Amino acid sequence: MYHKLFFRKQRRWLAALSLLTLGTTASLRAAEDATGYLLVANKGDQTLAIVDPVAGLSVATIPENGVTGHEVVASPDGQRAFVPIYGNAGVGSPGTDGQLLRVLDLAKREIVGTVDFGKGVRPHCAVMGPKDGLLYVTTELDNSVTVINPDTLKIVATIPTGQTESHMLALTRDGKRGYTANVGPGTVSVLDVQARKVITIIPISQHTQRISLSVDDRRVFTADQTSPRLAVIDTASNAVSAWVDLPSTGYGTAPTPDGHTLVVALSRINQVGIVDLDTLKLVKTIDVPKSPQEVLVQPDGAFAYVSCDASRQVAVIDLKEFKVFKLINTGPGTDGLAWAKRAH
């Protein structure tokens, strides 16, 4: 009888310990998601800012030695950043044609490598392949996405987009599909990443900007630049399935990890919009500093970061209270954002 009672208590104790361990593991994972550095491309002084988002301070800036980086992506281990050097003009406008991509060591805080595309291609948006570990970069003047091995810094392939001004890129979580926002043509190209080819081209508007995917990869969002609305593309049919009305023209977008909310920069009215993805309705707007551009949601979903170009600041949005939590001073021409895991 004593032994049965003992083993019964032991099983209860082990079950409780297991639950405690699982809870601790989940807490540790959540804490890890919340720790990291915010990377900010400052167009005005051609630097990359490394920001401690908890302290709300820029802890370092790294010169890019190039004119000019608009976007940035971090390596999965958080050790390096990749900054395409686009040029000195906006998309579709006359200016210099960048042909380099800088590789920055975030610990050493210096340039440690360069990819030279061999000619002016205006490289712009860089995305890490979620499964193959390759680096995908939009190369506008070649109407393509260039694929780079981030370890050897060698170009390994190109994927034609079939359109000019392929400015921004989003990849599905399995890495099999890519979607580019083609600004001047006002279209979205659907890419077969593995076969390196265009599947189809989806008409949106006279002009479109920015692009993002829902967390389940079932929908693509891009902003009509001629009307205050977002296009919602069904990835099963590769067609526009709905429109989301906005109070002004949209720009950068990013979904929250729970899949219920889309955060939208409303550049012309200096606001951020909150879209309910269950109803596809705008449910709230939040005032932010001048010229909000890009949106990045923290991996744990607690905060959204919005680069405010003309204000040299990043607005930090509390996604529980839906209000500005704080403003972080970064640098002139604050634009592209990326999250870098803290390397241990």
Side-chain angles (χ1 to χ4, degrees), residues 27-45 47-62 69-74 78 81 83 104 106 109 210 212 246-248 250-258 260-276 282-343:
S27 297
L28 287 172
R29 285 175 180 165
E32 184 175 330
D33 278 347
T35 60
Y37 289 111
L38 179 68
L39 305 181
V40 184
N42 294 321
K43 293 180 297 189
D45 60 6
T47 64
L48 181 73
I50 304 175
V51 172
D52 182 331
V54 177
L57 295 172
S58 178
V59 297
T61 54
I62 308 173
H70 293 191
E71 300 293 329
V72 57
V73 71
V83 180
L104 309 179
L106 297 178
R109 297 172 181 173
R210 307 282 149 158
S212 65
L246 300 172
S248 181
Y251 209 67
T253 60
T256 54
D258 63 10
H260 293 302
T261 304
L262 188 73
V263 185
V264 185
L266 302 169
S267 298
R268 296 180 185 176
I269 59 173
N270 305 326
Q271 290 184 333
V272 166
I274 304 298
V275 174
D276 184 327
L282 182 83
V283 294
K284 189 173 181 62
T285 58
I286 304 163
D287 292 334
V288 294
K290 191 175 179 181
S291 301
Q293 301 284 305
E294 191 151 301
V295 181
L296 174 73
V297 175
Q298 190 167 288
D300 67 353
F303 298 101
Y305 300 91
V306 182
S307 59
C308 299
D309 187 318
S311 308
R312 302 176 171 227
Q313 292 177 313
V314 169
V316 184
I317 309 295
D318 183 324
L319 291 177
K320 184 177 180 181
E321 300 293 332
F322 294 117
K323 64 180 183 181
V324 175
F325 177 68
K326 60 185 168 186
L327 299 174
I328 302 174
N329 295 319
T330 50
T334 296
D335 194 0
L337 303 174
W339 187 261
K341 176 182 177 181
R342 293 205 186 205

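Only this structure's heavy atoms are used, side chains among them; waters, hydrogens and symmetry mates stay out. Every value quoted in this text rests on a predicted model; they were computed, and no experiment measured them.
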Is there side-chain contact between [X] and [Y], with at least one heavy-atom pair below 4.5 Å?
X      : Y      : result
Val295 : Val272 : no
Ser267 : Gln293 : yes
Val263 : Ile317 : no
Val59  : Arg109 : yes
Asn270 : Pro289 : no
Leu282 : Val275 : yes
Leu48  : Val72  : yes
Ser311 : Leu327 : no

Could you give me the CA-CA distance, side-chain angles and deciding distance for Thr256 and Leu319, then say whether side chain to side chain contact (heavy atoms under 4.5 Å, CB included) is met?
CA-CA 9 Å; Thr256 54; Leu319 291 177; 3.8 Å; yes
How many angstroms lie between atom [atom1] of [X] and atom [atom2] of [Y], to the nearest 0.5 angstrom?
X      : Y      : atom1 : atom2 : value
Gln271 : Leu246 : CD    : CG    : 11.0 Å
Tyr305 : Thr330 : OH    : OG1   : 13.0 Å
Ser307 : Ile328 : OG    : CD1   : 12.0 Å
Thr47  : Asn42  : OG1   : CG    : 4.0 Å
Ile286 : Glu321 : CD1   : CD    : 11.0 Å
Asp335 : Glu71  : CG    : CD    : 5.5 Å

In this structure, which one of Leu106, Leu337, Val51 forms a side chain to side chain contact (heavy atoms under 4.5 Å, CB included) with Leu39?
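Only match with Leu39 under side chain to side chain contact (heavy atoms under 4.5 Å, CB included): Leu106.
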Test log, rule side chain to side chain contact (heavy atoms under 4.5 Å, CB included), inputs Asp45 and Thr61:
CA-CA 10 Å; Asp45 60 6; Thr61 54; 5.8 Å; no
Closest approach of [X] to [Y] (non-hydrogen atoms, all atoms of both residues):
X      : Y      : result
Val316 : Phe303 : CG1-CD2, 3.7 Å
Gly69  : Val83  : CA-CG1, 3.8 Å
Ser212 : Leu262 : OG-CD1, 4.1 Å
Asp300 : Pro257 : C-CG, 4.3 Å
Ala338 : Leu296 : C-CD2, 3.6 Å

Show, in sequence, the C-alpha distance, side-chain angles and deciding distance for Lys43 and Glu294, and conclude whether the salt bridge (charged side-chain N to carboxylate O under 4.0 Å, His left out) test is met.
CA-CA 13 Å; Lys43 293 180 297 189; Glu294 191 151 301; over 6 Å; no
Tell me, yes or no, whether the heavy-atom count around Lys326 atom NZ, taken from other residues, nucleotides or ligands under 6.0 Å, exceeds 12.
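Buried by this count: over 12 neighbours within 6.0 Å.
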With sequence neighbours excluded, residues passing salt bridge (Lys or Arg N to Asp or Glu O under 4.0 Å) with Asp52:
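Salt bridge (Lys or Arg N to Asp or Glu O under 4.0 Å) check on Asp52 returns Arg342.
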